[in-house]
Amino acid sequence: MTHPHTRTYWLEQAWLDTHVEPGVVLEVADGRIAALRTGVPTPPPGAEILRGLTLPGLANAHSHAFHRALRSTVQVGSGTFWTWREVMYSIADRLTPETYHALARAVYAEMALAGVTAVGEFHYVHHAPGGTPYADPNAMGEALIAAAAEAGIRITLLDTVYLSSGLRSEHSGEPPNSHQLRFSDGSAEAWAERCSVLKEQDHARIGAAIHSVRAVPAGQLATVARWAEERRAPLHVHLSEQTAENDACLAAHGCTPARLLADHGVLGPRTTGVHNTHLTDDDIALIGGSGTGTCMCPTTERDLADGIGPAVALQRAGSPLSLGSDSHAVIDLLEEARAMELNERLRTRTRGHWTAAALLRAASADGHAALGWQDAGVLEPGALADFTTIALDSVRTAGPLPRLGAETAVFAASAADVRHTVVGGRHVVRDGAHALVPDVPAALADAVAALRA
Ligand SMILES: [Zn+2]
């Protein structure tokens with residue numbers, strides 16, 4: 001007799017952090033892995049059979065869900081990050097709690113189909129256009145938390161402070177422009193008050209974010225750092241994505257953004273710098289030495305012509321790496337993982353900066369840790385029962401020996417090869433179909449069309 005809250009999975013091949021193990025049984029109870037047995041060549045009676053290579057769930061550590069509505073629209077014409085941003089604002093202007101909920105539910109369902117079991121949502125569209133708070137001032141954030149639940153994945157809502165359009169002095173920034181008014185709470189204290197009302201749930205954690213040194217005056221950084229410190233919550237910040245940000249920071253404060261953040265208590269092991277692209281050697285030492293993480297978003301960084309961040313040097317200096325699909329030009333964490341390695345190959349003209357195992361760790365365990373889910377992203381007893389299975393018999397993945405499953409997953413597979421996704425012991429994606437959102441492409445098309453109407 002099987003207890004209703006227990007379930008047995010038989011994994012044809014399993015990635016156990018260092019190697020591929022054939023024939024593994026996972027016993028799942030109350031949403032966690034209760035036991036793991038190896039050396040089981042055939043499925044036990046009643047077990048759910050997962051054919052292919054099962055990996056720990058993937059963590060998408062940096063997302064702006066609404067950017068999904070920009071897909072392809074921003075591939076016409078030329079420009080820079082700054083011209084792209086104007087198109088992005090035209091979508092941000094149109095979001096309501098209802099339209100954002102519908103879009104995010106579809107985007108998070110797309111993530112589940114890509115093997116993602118937890119998303120870090122860097123959320124800054126807080127208020128109505130013009131900056132008037134909604135009746136429930138957290139209506140937008142709560143819409144995102146509900147969307148993740150409906151799509152069957154975990155979320156860390158990184159509620160973001162966004163107060164100014166540019167740097168000016170220690171205590172004030174340039175006022176927000178007309179698009180940015182709805183991002184701003186007016187002050188870091190008002191932001192803290194609003195976020196303190198947000199409630200964590202089984203699938204949802206609350207973290208903090210500083211949009212960038214452009215968007216938060218230096219004198220208010222410590223308020224955000226303290227809020228995160230008191231709650232032991234993750235704190236994320238866009239860091240040196242653009243050289244213009246570095247130039248403006250030097251002009252206003254006489255130092256780099258990384259130095260400014262360090263001097264105001266923002267860096268540390270619960271903090272993640274997103275992009276960390278244009279850094280000095282001193283910046284790398286500050287980030288690595290403080291244990292601050294680095295979230296690379298290679299498909300977005302190449303899409304926006306940002307540049308290639310020094311991920312190898314950052315990791316060597318002590319910065320754990322995570323990965324995110326950020327603007328969702330594509331949603332494919334396997335592509336993010338291989339792009340980080342391949343970017344480095346192009347830059348250095350040498351191969352093999354990371355093993356496939358190290359890249360998978362960035363996409364799973366270290367990504368989860370960056371989002372405050374220290375108990376996920378690994379296949380071991382006690383961990384949350386979050387995992388995803390990659391087909392090893394598709395046109396992309398057939399051929400290599402099973403023991404090369406990690407290399408196949410990272411360097412040849414795509415999100416289209418994700419066959420199953422299980423979150424907290426619940427089968428969210430089965431045989432490539434989402435179990436909770438019946439027609440994900442239609443949901444995406446409808447949600448994007450509603451924002452264009
Ligand atoms: Zn971002």
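Worth saying up front: this structure is predicted, and the values here are computed from it rather than measured. In listed order, ligands and their atoms are each counted from 1. In this chain, numbering begins with 1 at the start of the sequence shown.
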Is any N, O or S atom of H64 under 2.8 Å away from the Zn ion (ligand 1)?
yes

H62: which N/O/S atom is nearest the Zn ion (ligand 1)?
NE2

Inter- and intrachain pairs under side chain to side chain donor-acceptor pair (under 3.5 Å), touching residues 328-337, at least two apart
S63-H328, T299-E336, R302-E335, S325-H328, E335-R338

For R226, give me all partners under side-chain hydrogen bond (donor to acceptor under 3.5 Å, both in side chains), at least two apart in sequence or on another chain.
none

Using a strict 4.0 Å threshold on nitrogen-to-oxygen distance, state whether R270 and E229 make a salt bridge.
yes

Is any side-chain N of the basic residue among R231 and E200 closer than 4.0 Å to the acidic one's carboxylate O?
no

Name of the D326 atom (N/O/S only) found closest to the Zn ion (ligand 1):
OD1

May I ask you to check whether H238 brings an N, O or S atom to under 2.8 Å from the Zn ion (ligand 1)?
yes

